[in-house]
Amino acid sequence: MKKIAVIGAGPAGIEAASALAIQNMEVLLFEKSSNTLTNILDKAFLFPDFSLANDMVDKLNKKLLHQNITLHVGTEIVDIKQEGHEWKIIDKKGMSYIVAAVLLSTGYTPFDAKRKEELGYGIYNGVLTSLDLEKMIKYNHIENSMGEKPKRIVFLQCVGSRDEKSGNNYCSKICCVTAVKQAIEVKKLLPDTEVYIFYMDLRMWGQSFEEMYRESQEKYDVCYVRGRISEAAATFDKKIQFKAEDTLVGLPLKMNTDLLVLMVGMEASCGTKQLAEKLSIKGEYGFAQSLHIHLQDNETTSKGLFIAGSCKRPMGINETIADARSAALAVIEHLNANLSSNENVINKK
Amino acid sequence: MGKYYWNEYQKTIADDNYFYERSCIRQTFFPGSETAFLRIIKEVLGKNIYDEENQHTCTGIGYHTDVVPLETTMTVVARLFSLMKDAGYENYVPSCVTSFGVFSEMIEIWNHQPETLEKTREYLRKATGREFDIPKNLVHPSDIIYKFRHELKEKMKYSLVNRFTGKPLQIVEHIGCHYAKIFPEKGVGKAEFPHVLAGMIESWGGEVLDYPERRHCCGFGFRHYLVQENRGYSIANTKKKFESMEPFEPDFIVANCPGCAMFMDKWQYTIAEIENKTYDKDGYGIPVLTYEEMAGLLLGYDPWELGLQLHQIQSEILLDKIGIPYNPKEKYKGASGKILPKPERPNHLLV
């Protein structure tokens with residue numbers, strides 16, 4: 001049985017491991033954290049169907065019960081070396097593993113909103129990230145810095161995305177629809193709370209996204225303002241005052257809100273950056289670079305080294321799952337090709 | 001709230017041997033500030049600082065109002081640097097935040113465009129026959145006071161504590177826009193949460209007030225002020241700041257920019273005349289100090305020698321809170337010893 005190393009037990013890693021295991025491959029799945037699916041664990045609902053994130057976590061984790069999968073949590077891979085047709089994986093404790101192929105699914109890390117000093121995250125209690133709000137929604141406990149139900153919540157899109165100042169010119173893709181989703185969730189929980197979303201342009205690219213956007217306005221009265229917020233500060237009564245420009249009206253504005261939610265983008269995770277660098281597959285912004293974005297999007301310049309999920313670029317869970325299955329197929333094709341070339345060599349002998 | 005960013009970014013500030021350049025306007029509005037700075041550097045810290053007598057404008061105000069062309073500003077700046085070179089110094093310390101911004105900008109242009117630097121050298125040579133070096137260290141005097149704030153604290157007689165309540169004074173710090181907003185990395189603490197004045201306040205016993213319009217312009221904004229028809233914009237900016245800080249009841253404001261300290265002081269009179277409104281509880285206005293005045297007062301310098309009587313908002317209430325003694329009879333005593341006439345009383349603002 002061929003042995004494959006999958007590095008990173010997020011949705012991409014688990015889905016690919018499962019697909020490989022079903023195809024009779026032995027999978028060693030490594031996860032740096034003590035838990036799998038760390039980026040989904042605190043999520044309440046998933047877009048666009050508002051399905052429970054916990055269900056997704058349970059279903060994915062169940063796939064790990066396959067007998068061909070060995071999960072190593074709390075195991076950080078620090079080095080990967082190609083040795084002939086095989087790969088040597090070394091973890092932080094110095095343990096090494098020999099495998100036939102490696103699949104990198106080291107994922108993303110949320111943008112650290114503290115880097116946008118002017119928005120006051122980590123300084124003013126009323127400034128949250130989308131991750132903080134998601135936790136509040138999950139536990140049905142949305143409150144302002146005074147412990148009261150917020151009368152107004154304002155979302156700001158593109159924090160750490162499409163932003164030259166933070167060094168990220170790319171779009172993180174999922175923030176627009178996440179804000180729409182969270183705005184609806186807030187309105188379901190707190191119907192009397194005013195909800196505003198400040199955006200540059202809304203990218204409703206996925207199935208049902210546009211409908212969600214429309215519903216948020218028609219059914220939930222979410223108000224959209226085209227413009228970026230330039231700065232935020234706390235007022236005397238512990239609200240958040242911010243300044244922005246309404247670019248449709250063409251006027252600057254100043255507003256107060258109980259909560260300012262920063263829709264943080266996705267950056268290549270630390271593991272992605274380090275391993276992509278080591279393996280010479282580092283692409284733009286530290287993400288891993290595939291061989292061909294259209295035709296070989298799971299393959300890399302090194303044969304036997306594959307990539308899947310948001311270690312390549314920002315993507316949502318459904319895309320990630322599809323990409324992981326595609327990566328598993330690429331791994332199988334590679335191993336089959338190796339097998340037949342080995343058989344040819346044997347036959348010739 | 002945890003304002004941990006305020007300490008995060010530091011810059012290189014030379015230890016000693018400074019070449020000092022005075023401001024065009026500070027000696028009129030805050031006549032004791034620059035002298036106090038020189039005294040602090042020489043007498044309290046025992047450092048070497050050179051006060052060049054042939055210095056001149058940096059062209060800052062003219063430059064920012066498009067009256068003086070860039071090439072002229074560069075050449076004038078180059079001449080100032082040539083004075084530093086002749087005096088044998090490498091650490092340039094301009095008293096004015098606008099000058100600090102102008103010098104930072106010119107150096108940045110020269111660093112990016114060596115051909116422009118060569119042209120400037122040529123212009124200076126042709127105009128004056130002089131040569132110049134780019135300073136090794138360019139800092140604002142407030143950076144130096146910040147750097148030595150702990151050493152100064154040990155020599156201070158007073159602290160920023162209300163002696164009647166025992167609580168820290170509540171202080172608004174206002175940083176000149178050209179200190180860090182143009183080149184954030186050139187300011188202690190960068191642009192959003194500059195630590196240069198906050199560090200002094202915290203070290204000397206006070207508390208910094210973080211009010212919503214903290215970052216907002218003081219209202220100077222060269223063109224807004226210099227074109228008379230635009231002065232409504234100027235005072236509207238200042239009013240916005242005062243309205244924002246009013247609920248926090250600041251004991252005083254401290255600034256590191258000539259324009260900021262002047263406008264936040266003088267416009268309080270104008271707003272009181274226009275609207276019969278002051279932003280303190282008692283109608284006296286909120287005192288505005290320069291950081292040299294703040295440091296000088298705590299070191300025990302005489303308030304009238306520091307020139308506090310020449311501010312629009314009078315400082316006796318603040319002096320009483322800190323416990324600094326002053327002689328009311330000598331408030332308007334001139335350098336000759338003669339008592340000068342008292343200024344006219346405003347209609348609304350109490351003095």
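Below, chain A is the first sequence line, B the second, and so on; all start at residue 1.
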Over 12 foreign heavy atoms within 6.0 Å of [atom1], [X]:
{"X": "E148(A)", "atom1": "CD", "answer": "yes"}
{"X": "K188(A)", "atom1": "NZ", "answer": "yes"}
{"X": "Y233(B)", "atom1": "OH", "answer": "no"}

Original post:
Is it true that K243(A) and E213(B) have a side-chain N and a carboxylate O under 4.0 angstrom from each other?
Top reply: yes

Original post:
Can a salt bridge be assigned to the pair E231(A) and R214(B) using a cut-off of 4.0 Å between side-chain N and carboxylate O?
Top reply: no

Subject >> T235(A) side chain near Y211(B) side chain, heavy-atom distance below 4.5 Å >> reply: no

Original post:
Taking only residues two or more places apart in sequence or in another chain, which ones pass ring-ring contact (aromatic ring centres under 6.0 Å, His included) with Y108(A)?
Top reply: none

Original post:
Is the F236(A) to F248(B) ring centre distance short of 6.0 Å?
Top reply: yes

**OP:** Output the option from P212(B), S244(B), P247(B), A191(B) having the highest count of non-hydrogen pairs under 4.5 Å with chain A.
**Re:** P212(B)

Original post:
chain B heavy atoms under 4.5 Å from Q241(A): which part of the residue, side chain, backbone, both or neither?
Top reply: side chain

**OP:** With sequence neighbours excluded, tell me which residues meet side-chain hydrogen bond (donor to acceptor under 3.5 Å, both in side chains) with D66(B).
**Re:** R223(B)

